[in-house]
Amino acid sequence: MMSRFDHYFQMNVDDVIEYTLEKATEIDWDRDSMEAVVPDSHGNLNYVYRIWDGKGHSLYIKQAGTETRISKDMKPSKDRNRLESEIIMLEDKFAPGMVPHIYFFDTVMCACGMEDCSDFMVMRDAMLRHETFPRFADDISTFMVETLLLSSDLVMDHKEKKELIRKFISPDLCDITEKLVLMEPYNDLNQRNNVFVPNADFIERELYNDPALHLEVAKLKFKFMTDAQALMHGDLHTGSIFIRQDATKVFDSEFGTYAPMGYDVGNVVANLIFAYDNGLAAGATAFCDWILETIEKTMDLFIEKFSKRFDEAVTEPMAKVAGFKEWYMEGILNDTAGYAGTELHRRTVGMANVVDVTSIADEQKRLLAERINIFAGKDYIMHQSSFRTGADFAAAVTKAKEAAEKTL
């Protein structure tokens, strides 16, 4: 029998129930009670639907559109959905249970069926309510150590890893990162930065007119483009994390590619700082204290677990040479600081801002938040080798807050 899903078209809510019945055969659906909706949180790149039935079965369908919703000029390959599904399946192998289960992926409709995690919250939404999650530092550090270390040349057969580099190269999505994160926040070359007007002169001085900063960012950009260190998530922010008090799941891996490990780790640090910004503006002191403690714990646990796992899992003989592990870790920590800085800057002045900051209604409080991000980001980028412990990463936020308050 011919399927009407044998060629690509952009589905709507009416199509997805029929599509689910045809593709998600692992589930015994009750056809008569099935319903579908577009959920509130669905990112900038894809079309997402939640499907469920009266028997308690449910899943998400995620379909790649032909252009992004953030900009019609950006037309990343629809094949990104296959890449994302395969990356999540690999992450599930490295860090079992820490990503949603993939039921299927379909290269014709550029869609996949994914575990329904609606009993979780999107972490950014929970952060905006200033909720705290004592397990998060432990969970996210485990996820990063397992996925990054086990996908690297330290552990993988080198030929097998090179095959994965070829498989997971995504020129369109890398191009977005190279421009939106690692270039435009420093020069607005494509005139699409979103700058908060009262902060324009400050941004001009601190970001656009600082050649020493530009040199360090140029190095970080070329490192991102050329150092295929590990299979990273590529967009590891609080909007890509499902969270509950008892569990954490990472999703939305479509920016996954082989690149420096510190890119993921730095993204986590930066996005915790955005949550801090919002808590500070709201006067949520206990929440802000928890954020700083979580930055510290996340980094310390990452360093500790990486070192232990390195000793257990490394297969490459030259990586076992005395002193190599310490040298390798220094590189990851330098990159973590550097890319935490670029993420802080691009989400403050670049094309894709974060609601943690843009939702701050009071002008002075928003200026403070933005300047904390700019100062902390510069500190991370300009002094990468100074950040060796969790306390170092957390202290930069307090220092940036003090510096920012003096400018207002």
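Positions are given from 1, in the same order as the sequence printed here. Bear in mind the structure is a predicted one, so any value in this text is a computation, not a measurement. All values below come from the heavy atoms of this structure, side chains included, with hydrogens, waters and symmetry mates left out.
- Looking at residues two or more places apart in sequence or on another chain, you find no side chain to side chain donor-acceptor pair (under 3.5 Å) involving Glu293.
- In this view, Thr142 and Lys305 satisfy the side chain to side chain donor-acceptor pair (under 3.5 Å) rule, not counting sequence neighbours.
- In summary, the side chains of His130 and Asn278 do present a donor paired with an acceptor at a separation below 3.5 Å, with no hydrogens or angles considered.
- Applying the ring-ring contact (aromatic ring centres under 6.0 Å, His included) rule to His7 yields the partners Phe9; only residues at least two apart in sequence or on another chain are considered.
- Applying the salt bridge (Lys or Arg N to Asp or Glu O under 4.0 Å) rule to Glu86 yields the partners Arg82, Lys167; only residues at least two apart in sequence or on another chain are considered.
- Across Met144 and Val265, no two heavy atoms sit closer than the pair SD-CA, 3.7 Å.
- From Glu178, atom CD reaches atom CG of Leu173 across 10.5 Å, with rounding to the nearest 0.5 Å.
- Arg309 CZ to Leu154 CG: the interatomic distance, rounded to the nearest 0.5 Å, is 12.0 Å.
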Exercise answer: donor-acceptor pairs, residues 393-402 side-chain atoms, under 3.5 Å, sequence neighbours excluded:
| residue | atom | partner | partner atom | Å |
| --- | --- | --- | --- | --- |
| Lys399 | NZ | Asp379 | OD2 | 3.4 |
| Lys401 | NZ | Glu405 | OE2 | 3.1 |

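- A donor atom on one side chain and an acceptor atom on the other are found under 3.5 Å apart for Asn199 and Arg371.
- Across every non-hydrogen atom of Leu301 and Ser141, the tightest pair is CB-OG, 3.5 Å.
- Side-chain contact between Leu367 and Phe196: present, with at least one pair of heavy atoms (C-beta onward) separated by less than 4.5 Å.
- For the residue pair Asn46 and Gln63, no side-chain donor N or O sits within less than 3.5 Å of a side-chain acceptor on the partner.
- Lys320 places none of its side-chain heavy atoms less than 4.5 Å from the side chain of Lys325.
- Residues Thr358 and Val355 share a closest heavy-atom pair of OG1-CA, 3.2 Å.
- Using a 4.0 Å cut-off between charged side-chain N and carboxylate O, Asp210 and Lys378 make a salt bridge.
- Judged as a ring-ring contact (aromatic ring centres under 6.0 Å, His included), and not counting sequence neighbours, His233 has no contacts.
- Salt bridge Glu304/Lys308: absent, no basic N to carboxylate O contact under 4.0 Å.
- When only modelled atom types and interatomic distance are considered, Arg135 and Thr248 share no side-chain donor-acceptor pair under 3.5 Å.
- Side chains of Arg347 and Asn194: no donor on one and acceptor on the other come within 3.5 Å.
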Only pairs under 3.5 Å count here: list side-chain donor-acceptor contacts from residues 91-100, not counting sequence neighbours, and write none if there are none.
| residue | atom | partner | partner atom | Å |
| --- | --- | --- | --- | --- |
| Glu91 | OE1 | Ser253 | OG | 3.0 |
| Asp92 | OD1 | Gly97 | N | 3.0 |

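- With values rounded to the nearest 0.5 angstrom, Lys162 atom NZ is found 9.0 Å from Asp157 atom CG.
- Taking the six-membered ring for Trp and the full ring otherwise, the centers of Tyr49 and Tyr60 sit at least 6.0 Å from each other.
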Apply side chain to side chain contact (heavy atoms under 4.5 Å, CB included) to the pair Leu368 and Leu280, showing each step before the final yes or no.
-> CA-CA 9 Å; Leu368 177 64; Leu280 187 67; 3.9 Å; yes
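- For Lys221, the NZ atom counts as densely surrounded, since its 6.0 Å shell holds more than 12 non-hydrogen atoms of other residues, nucleotides or ligands.
- A side chain to side chain contact (heavy atoms under 4.5 Å, CB included) with Trp52 is found for one member of Thr20, Asp30, Val37 and no other, namely Val37.
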Taking it one step at a time, do Leu344 and Val269 satisfy side chain to side chain contact (heavy atoms under 4.5 Å, CB included)?
-> CA-CA 9 Å; Leu344 282 164; Val269 170; over 6 Å; no
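- Residue Arg4 places its CZ atom among more than 12 non-hydrogen atoms of other residues, nucleotides or ligands, all under 6.0 Å distant.
- Distance check: Ile140 CD1 to Leu272 CG gives 9.0 Å after rounding to the nearest 0.5 Å.
- Residue pairs meeting the ring pair (Phe, Tyr, Trp, His ring centres under 6.0 Å) criterion with at least one partner in residues 131-180, sequence neighbours excluded, do not occur; the list is empty.
- Partners of His101 by ring-ring contact (aromatic ring centres under 6.0 Å, His included), not counting sequence neighbours, listed by chain and number: Tyr103.
- Scanning for side chain to side chain donor-acceptor pair (under 3.5 Å) contacts around Asp246 gives Arg244, with sequence neighbours left out.
- Under the 4.0 Å criterion applied to side-chain N and carboxylate O atoms, Asp356 and Arg366 are not assigned as salt-bridge partners.
- In this model, a donor atom of one side chain and an acceptor atom of the other lie less than 3.5 Å apart for Asn271 and Arg124.
- For the residue pair Tyr380 and Glu216, no side-chain donor N or O sits within less than 3.5 Å of a side-chain acceptor on the partner.
- Ion pairing between a basic and an acidic side chain is recognised when a charged N comes within 4.0 Å of a carboxylate O; Lys55 and Asp28 show such pairing.
- A donor-acceptor pair shorter than 3.5 Å cannot be found between the side chains of Ser151 and Lys161.
- The shortest side-chain heavy-atom distance between Phe105 and Leu83 does not fall under the 4.5 Å cut-off.
- Using a 30° and 60° split on the angle between ring planes, Tyr19 and Phe5 fall in the perpendicular class, above 60°.
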Determine, stepwise, if the pair Glu370 / Ile203 fulfils side chain to side chain contact (heavy atoms under 4.5 Å, CB included).
-> CA-CA 9 Å; Glu370 292 199 356; Ile203 287 158; 4.2 Å; yes
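- Contact annotation: the side chain of Lys62 approaches that of Glu84 to within less than 4.5 Å [non-hydrogen atoms, C-beta and beyond].
- Residues meeting the ring-ring contact (aromatic ring centres under 6.0 Å, His included) test with Phe242, sequence neighbours left out: Phe251.
- Between Lys297 and Ala137 the shortest heavy-atom distance is CB-CB, 3.8 Å.
- A 4.5 Å side-chain heavy-atom check between Leu59 and Met114 finds every atom pair outside the cut-off.
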Could you walk me through whether Ile102 and Glu115 pass the side chain to side chain contact (heavy atoms under 4.5 Å, CB included) test, one step at a time?
-> CA-CA 6 Å; Ile102 300 288; Glu115 177 187 349; over 6 Å; no
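- No hydrogens or angles considered: a donor-acceptor pair under 3.5 Å links the side chains of Asp277 and Asn373.
- Ionic pairing of Glu184 and Arg346 is not present here: no N-O contact between side-chain nitrogen and carboxylate oxygen is shorter than 4.0 angstrom.
- Applying the side chain to side chain donor-acceptor pair (under 3.5 Å) rule to Lys223 yields the partners Asp335; only residues at least two apart in sequence or on another chain are considered.
- In terms of heavy-atom proximity, Phe387 sits nearest to Ala337 at CD1-CB, 3.9 Å.
- Using the six-membered ring where Trp is involved, Phe224 and Tyr263 have ring planes that are tilted, between 30° and 60° apart.
- In this structure, CG on Leu90 lies 12.5 Å from OG on Ser85, to the nearest 0.5 angstrom.
- The OH atom of Tyr258 sits 13.5 Å away from the SG atom of Cys174 when rounded to the nearest 0.5 Å.
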